[in-house]
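Order of the sequence lines fixes the chain letters, A, B, ..., with proteins taken first and strands second; residue numbering starts at 1 for each chain. Heavy-atom basis, side chains included; hydrogens, waters and symmetry copies ignored.
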Protein chains: 2
Amino acid sequence: MTSPPQRTSEPRWLTEDERIAWLRLMAVTMLLPARLESELKRDAGLSHFEYYVLAMISENDEHSLPLSELASRTNSSLSRLSHVLTRLETQGYLTRCASQADARASLARLTETGWQKVVASAPGHVDEVRTVVFDPLTARQVGQLSEICGRLLGTLDPDHRLLDHD
Amino acid sequence: MTSPPQRTSEPRWLTEDERIAWLRLMAVTMLLPARLESELKRDAGLSHFEYYVLAMISENDEHSLPLSELASRTNSSLSRLSHVLTRLETQGYLTRCASQADARASLARLTETGWQKVVASAPGHVDEVRTVVFDPLTARQVGQLSEICGRLLGTLDPDHRLLDHD
DNA sequence: AGGTTTTAGTTGTTGCTTCAAGTAAGTAAC
DNA sequence: GTTACTTACTTGAAGCAACAACTAAAACCT
């Protein structure tokens, strides 16, 4: 990736500054998820995806959410979500129930156990996020990071499937 | 993650700005790898990890690298690396050979086919990186991103296992 | 009203990752 | 100069994710 191979139409190669920025960004995208993963596994016995699913449901009215909506917010396929919900259901954290509005749709609804799980694991998770992301940055940099990620999402998520109104 | 549950010792919750920054960063870390993954799968028939492995080897002298070193640079376990190398070896992209310096160590060495594979797939990959990361940002923002990621890596990778000298 | 398309979700298979257990070579301790 | 420990890597089993194929309900079309 550093030494340009000969080629018919020269690609626009990366400048040295861009290359360093890129390697660092890659490193962050490799290490950050792994870090959150292991913290949650250790402290809550959940994968990050499972936690995220529970957290997303918990933020909604009645602690319930249609599966399609949940799939969008967690950036997962319905297939993957369905498998994960089956596991979480087996563990007693949620139940599936039918939607009155649409007979095709199902709602994932947190049980009391599931809600307590979120309540118990969220503070530790937030603390980890602080340690890894916000503590090392100045307030100014947090703003820059937010703006930069916003820009990237313009390309990565043009329809705002993940972030609805931020 | 948004509504603070009651608790004996209140955790330092996220401010609204931090919360938005966090959700955006999460979205990027979910979408960016998926995007690179599908581009490489489509254009080169490689997973991003496989590509990265080949690319890292290709940047070294003799197109070869000890497995431990390779595991560090790709942030993988030796186990994962070993499985992947077996696949790449089967596909003819590399071979394993013994190290003279250390009888315990093995080197992964690109074959001519493997090198040609890197040469053929790198430009398309770089182009995708440009499209998704650098084109949407100003030069100033690229600098900010680099600095910010550098800070985060101070916590995520204190021993500089991934990035040696940048 | 009847047929097609789209939306919503499930399930089985296949493949990659993780984990645990193993071998073998080098290093340190006494 | 053995014993103990660490480093380097492999392998098999288990679990999770991606993909494809399926059912069923709603929307759309004319």
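Checking A/Arg96 against A/Ser106 by side-chain atom types alone, no donor-acceptor pair falls below 3.5 Å.
Across B/Leu145 and A/Ile148, no two heavy atoms sit closer than the pair N-CD1, 3.8 Å. B/Val28 and B/Pro33 get closest at one heavy-atom pair: O-CD, 3.8 Å. The shortest heavy-atom contact between B/Ala44 and B/Lys117 is O-NZ, 2.8 Å. Summarising the geometry of B/Val133 relative to A/Leu152, their closest heavy-atom pair is O-CD2, 3.5 Å, with the distance given to 0.1 Å.
Look at A/Arg96 and you'll find a side-chain N or O under 4.0 angstrom from OP1 or OP2 of C/dT10. For the pair A/Arg104 and C/dT10, the criterion of a side-chain N or O lying under 4.0 Å from OP1 or OP2 is not met.
Aromatic ring pairs are classed by plane angle as parallel below 30°, tilted from 30° to 60° and perpendicular above 60°; the pair A/His125 and A/His48 is tilted.
Side-chain heavy atoms closer than 4.5 Å link hydrophobic residues (I, L, V, M, F, W, Y) into clusters, and following such links, even through other members, never connects B/Leu78 to B/Leu54.
In this structure, B/Leu85 places its CG atom 14 Å from P of C/dC16, rounding to the nearest Å. Rounded to a whole Å, the CG atom of A/Leu65 is 10 Å from the P atom of C/dG9. Rounded to whole Å, atom C1' of C/dG9 lies 13 Å from atom CG of A/Leu107. Note: CG (B/Leu78) to P (C/dG22) measures 18 Å, nearest angstrom. A/Leu81 places its CG atom 18 Å from the P atom of C/dT7, with the value rounded to the nearest Å. The distance between atom CD of B/Glu37 and atom C1' of C/dT17, rounded to the nearest whole Å, is 13 Å. Atom CZ of A/Arg80 and atom P of C/dA8 are 20 Å apart (whole Å). The CD atom of A/Glu69 sits 14 Å away from the C1' atom of C/dT7 (whole-angstrom rounding).
Geometrically, B/Arg80 engages B/Phe49 in a cation-pi contact defined by less than 6.0 Å to the ring centre and at most 45° from the axis.
By the 6.0 Å contact criterion, CZ on B/Arg42 is enclosed, its count of non-hydrogen atoms from other residues, nucleotides or ligands being greater than 12.
Side-chain to base pairing of A/His83 with C/dG12: one donor and one acceptor N or O lie within less than 3.5 Å of each other. A donor and an acceptor atom sit less than 3.5 Å apart, one in the side chain of A/Ser79 and one in the base of C/dT11.
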| task | Can you run through DNA chain C from 5' to 3' and write each base as (, ), [, ], | or . depending on how it pairs? Watson-Crick or G-U wobble, both distances under 3.5 Å. | result | ||||||||||||||||||||||||||||||

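Along DNA chain D, the nucleotide nearest A/Ala103 and the nucleotide nearest B/Leu67 are compared for position; the residue whose nucleotide lies closer to the 5' end is B/Leu67.
You can see that DNA chain D meets the heavy atoms of chain A within a 4.0 Å-exclusive cut from D/dC16 to D/dA26, reading 5' to 3'.
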